[in-house]
Amino acid sequence: MKTELSASEARRIALAAQGFAARRDAGSVDATRLRKGIDRLGLLQIDSVSVLVRAHYLPLFSRLGAYDRALLDAAAAARPKRFFEYWGHEASLLPIDCQPLLRWRMDRARRGQGVWRQLEPFAGERRAEADALLARIEREGPIAASDVAGTKPAQGMWMWSGAKHALEWLFWAGLVASTHRRGSFERVYDLPERVLPRAVLQRPTPNEVDARRELIARAARAMGVATAHDLRDYYRIGPADARLPIEQLVDQGTLVPVRVQGWSHQAYLHQDARPGRALEGAALLSPFDPLVWHRPRTERLFGFRYRLEIYTPAHKREHGYYVLPFLLDGALVARVDLKADRKRGALIVQRAHVEPGAPADTAERLMLELRAMAVWLGLSSLAIAPDAAVDGLAPILAITVEEGGLSGAEMPSNAAKRDPAASSVDRLPDESGQVPDEGSRAPGAAQAG
C-alpha cells in the first residue's frame with residue numbers, strides 16, 4: 001500500500017469514502033439504499049435550524065439525489081429501532097449497533113463529565129430533581145420538556161427550565177432515550193428499555209479503549225484518509241482518549257500511516273480506502289455534512305475556507321446565514337446562501353459566491369442543482385436575490401422549476417429578508433462547558449492533532 005499520496009489522490013479517496021463516487025439516480029432511492037447510505041457515513045448530524053430543511057435530510061440528497069424524506073422519518077421511527085439519537089458528532093442519528101460504543105460517554109455524563117456546564121449539577125446536588133422526572137417517565141410514559149408543568153423557558157438558548165436541563169442530563173447519561181422528535185423538533189423521552197431493542201441493551205459494554213477504537217475505525221472508513229484530529233472530530237473524541245486507539249489501529253493494519261503532499265500533520269489511510277474513478281457530478285452540501293463539518297479538513301482537502309455564520313451578526317456575515325458549498329467534479333467551486341420560503345413555494349438564493357478558478361460552466365450547473373433541490377423540497381419556483389448576482393446567475397423573481405421558464409424579471413430588493421439566528425440545542429460543549437458558535441468540540445477535542 002502507498003505511503004505517500006498527492007493532494008489530488010487524497011481528495012479522491014475522501015470523496016469516494018463519503019459516497020460521492022456513486023452515480024446519483026433520481027427516483028431509485030428505496031429504504032434499503034437509504035439505510036446503506038447512513039451506515040456508510042456512520043451518522044447524520046441533527047440540527048435545529050430549519051431555514052432550508054433540517055440538516056439530517058441533506059447529506060443523503062447530496063449523495064443519492066432526490067428521495068422521499070418520509071423514508072428517513074420512517075427509518076428513524078421504525079420499531080425495533082435500527083437508528084437512535086444520541087451525541088455522536090453533535091446530536092446525531094446513529095445506527096443502533098453504535099449504542100454500546102457510546103456508553104462510556106453516558107457513564108461520564110452520569111459523573112457530570114463532558115456535559116454542558118448547566119447540566120453538571122444534576123449529577124450531584126440536583127440529582128433528586130432528575131430522579132423525580134425519571135420516576136414520572138417510568139409511571140406515565142414518554143414526555144417532552146413542554147409536558148412538564150412550570151417549564152416555560154425564558155428567552156434564549158441557555159435560559160431553559162430546570163426540567164429541560166434535567167431531561168437533557170438524563171438523555172446524555174443514557175438514563176432515558178429519545179423516542180422521536182415532534183413537529184416542533186422537540187425531543188420526546190422514555191426509558192431506554194421501552195425505546196431501544198432488548199438485544200442491543202443486553203450486549204456487553206466494551207471497555208472505553210475498545211469502544212473508542214471501533215468509533216475511530218468507523219470514522220476512518222467514512223473518511224478514507226485523515227489526520228488524527230480528523231479521526232477524533234468525527235465522533236468528538238478528545239486527544240488523550242484517541243491516542244492509544246489510533247496506535248492500536250495502526251498496529252492492527254486498519255490504519256496505514258501516510259504522507260499527503262501539502263498536509264502538515266501525519267495522515268492515516270484506511271486499509272479499504274480506494275481513490276475511485278475520476279469524479280464527475282455536482283452536489284450542494286449542508287453546513288453539517290460530514291464532508292465539510294470539520295473546517296480545517298475542508299480547507300486541507302479543497303483549499304476552501306468555510307465558516308458557519310449563523311451566529312454572526314447579519315452585517316458582519318461574509319457569505320450569508322445558511323451557506324451551502326457547491327461540489328462540482330470533485331472540487332468546491334461556489335457557495336450559496338439558501339432559504340426555503342414555504343409560503344411562496346420558492347427556494348431563494350439570498351447570496352452566491354463563485355471561487356477563483358471555478359469552471360466557466362459553474363453557474364449553469366449550479367442552477368441545475370438549485371432546481372433539483374427546489375423540486376425535492378416541494379417548492380415550485382426558484383428565486384435569485386440581487387445580492388446573489390454573479391456571472392451567469394442573474395437576479396430573477398422566480399423560475400418555475402418544473403418547466404424552467406421565467407415567470408418574472410427582477411427580484412424586489414426587499415424580497416430576501418433573512419431569518420433571525422435560530423437557537424440550536426444540538427451541539428456538544430467545549431472545555432468551558434459552553435457551546436461555541438462555530439466548530440464546536442467535545443471537551444479536549446479542539447487541539448490540533
Side-chain angles (χ1 to χ4, degrees), residues 45-50 54-56 76-77 81 84-88 90-94 99 102-103 105-196 201 236 311 420-430 432-437 440 442-443:
Q45 183 175 340
I46 297 170
D47 194 85
S48 61
V49 178
S50 60
R54 301 290 186 191
H56 59 292
K81 275 194 171 290
F84 76 111
E85 183 179 340
Y86 188 64
W87 296 105
E90 300 288 356
S92 303
L93 187 66
L94 300 131
Q99 196 271 350
L102 291 164
R103 291 176 189 165
R105 184 165 285 165
M106 300 174 189
D107 289 341
R108 288 186 179 182
R110 293 179 195 185
R111 300 192 296 271
Q113 300 171 0
V115 298
W116 299 321
R117 189 175 59 198
Q118 294 88 338
L119 307 189
E120 291 173 3
F122 294 97
E125 64 267 26
R126 297 184 67 180
R127 179 63 186 265
E129 295 175 50
D131 286 342
L133 268 177
L134 187 61
R136 174 174 171 177
I137 292 170
E138 186 173 7
R139 288 193 314 269
E140 301 178 13
I143 64 170
S146 62
D147 299 327
V148 182
T151 62
K152 184 177 181 180
Q155 192 70 27
M157 176 177 176
W158 294 111
M159 302 303 290
W160 287 347
S161 67
K164 172 63 174 173
H165 280 131
L167 282 169
E168 284 294 328
W169 178 79
L170 288 168
F171 174 70
W172 216 312
L175 297 172
V176 299
S178 174
T179 66
H180 65 288
R181 290 202 183 218
R182 290 176 176 169
S184 61
F185 216 57
E186 182 182 33
R187 279 198 200 106
V188 178
Y189 304 92
D190 201 354
L191 301 180
E193 55 267 33
R194 297 201 292 237
V195 178
L196 306 176
L201 294 174
R236 298 298 205 220
Y311 303 104
S423 295
S424 174
V425 296
D426 302 304
R427 310 281 171 84
L428 284 168
D430 61 13
S432 68
Q434 297 286 3
V435 177
D437 289 349
S440 53

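We use all heavy atoms of the structure for the numbers below, so side chains are in, but hydrogens, waters and symmetry mates are not. Predicted model, so just to flag it, every value in this text is computed and none were measured.
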Heavy-atom distance under 4.5 Å between the side chains of V49 and R54, does that happen here? no
Going by the rule salt bridge (Lys or Arg N to Asp or Glu O under 4.0 Å), which residues pair with R103 if we only count those two or more places apart in sequence or in a different chain? none
Who passes side-chain contact (heavy atoms from CB on, under 4.5 Å) against A109, sequence neighbours left out? V115, W172, A173
Side chain proximity check, W87 to R236, heavy atoms < 4.5 angstrom: no
Looking at every non-hydrogen atom in both residues, tell me the closest pair between K164 and A145 and how far apart they are. CD-CB, 3.7 Å
Please name the pair of heavy atoms, one in A130 and one in A166, separated by the smallest distance, quoted to 0.1 Å. CA-CB, 4.2 Å
For G141 versus D190, what's the shortest heavy-atom pair and its separation? C-OD1, 4.2 Å
Residues that D131 engages under side-chain contact (heavy atoms from CB on, under 4.5 Å), provided they are two or more places apart: R127
Applying side chain to side chain contact (heavy atoms under 4.5 Å, CB included) between L167 and each of L133, L175, L134, report the one that passes. L133
Could you work out, with salt bridge (Lys or Arg N to Asp or Glu O under 4.0 Å) as the rule, every residue matching E125, not counting sequence neighbours? none
Can you find a heavy atom in the side chain of L196 that is under 4.5 Å from one in the side chain of F84? yes
Would you check if the side chain of K81 reaches a backbone N or O of V195 as a donor-acceptor pair within less than 3.5 Å? no
Flag side-chain contact, heavy atom, 4.5 Å: S92 against Y86: no
Step by step, would you call R187 with E85 a side chain to side chain contact (heavy atoms under 4.5 Å, CB included)? CA-CA 10 Å; R187 279 198 200 106; E85 183 179 340; 2.6 Å; yes
Evaluation steps, side chain to side chain contact (heavy atoms under 4.5 Å, CB included), between V176 and E168: CA-CA 9 Å; V176 299; E168 284 294 328; over 6 Å; no
By salt bridge (Lys or Arg N to Asp or Glu O under 4.0 Å), E129 pairs with (sequence neighbours left out) R126
Find the distance between OG (S178) and OH (Y189) and round it off to the nearest 0.5 Å. 7.0 Å
Non-neighbouring partners of R182 that pass salt bridge (Lys or Arg N to Asp or Glu O under 4.0 Å), sequence neighbours left out: D147, E186
Are any non-hydrogen side-chain atoms of L102 and L94 less than 4.5 angstrom apart? yes
Search all heavy atoms of A177 against all heavy atoms of P192 and return the closest pair with its distance. CB-CA, 4.1 Å
Show the numbers, then the answer: is there a side chain to side chain contact (heavy atoms under 4.5 Å, CB included) between Q45 and L93? CA-CA 6 Å; Q45 183 175 340; L93 187 66; over 6 Å; no
Do the side chains of Q113 and E120 get nearer than 4.5 Å, heavy atoms only? no
So do L191 and E138 actually touch side chain to side chain, heavy atoms under 4.5 Å? yes
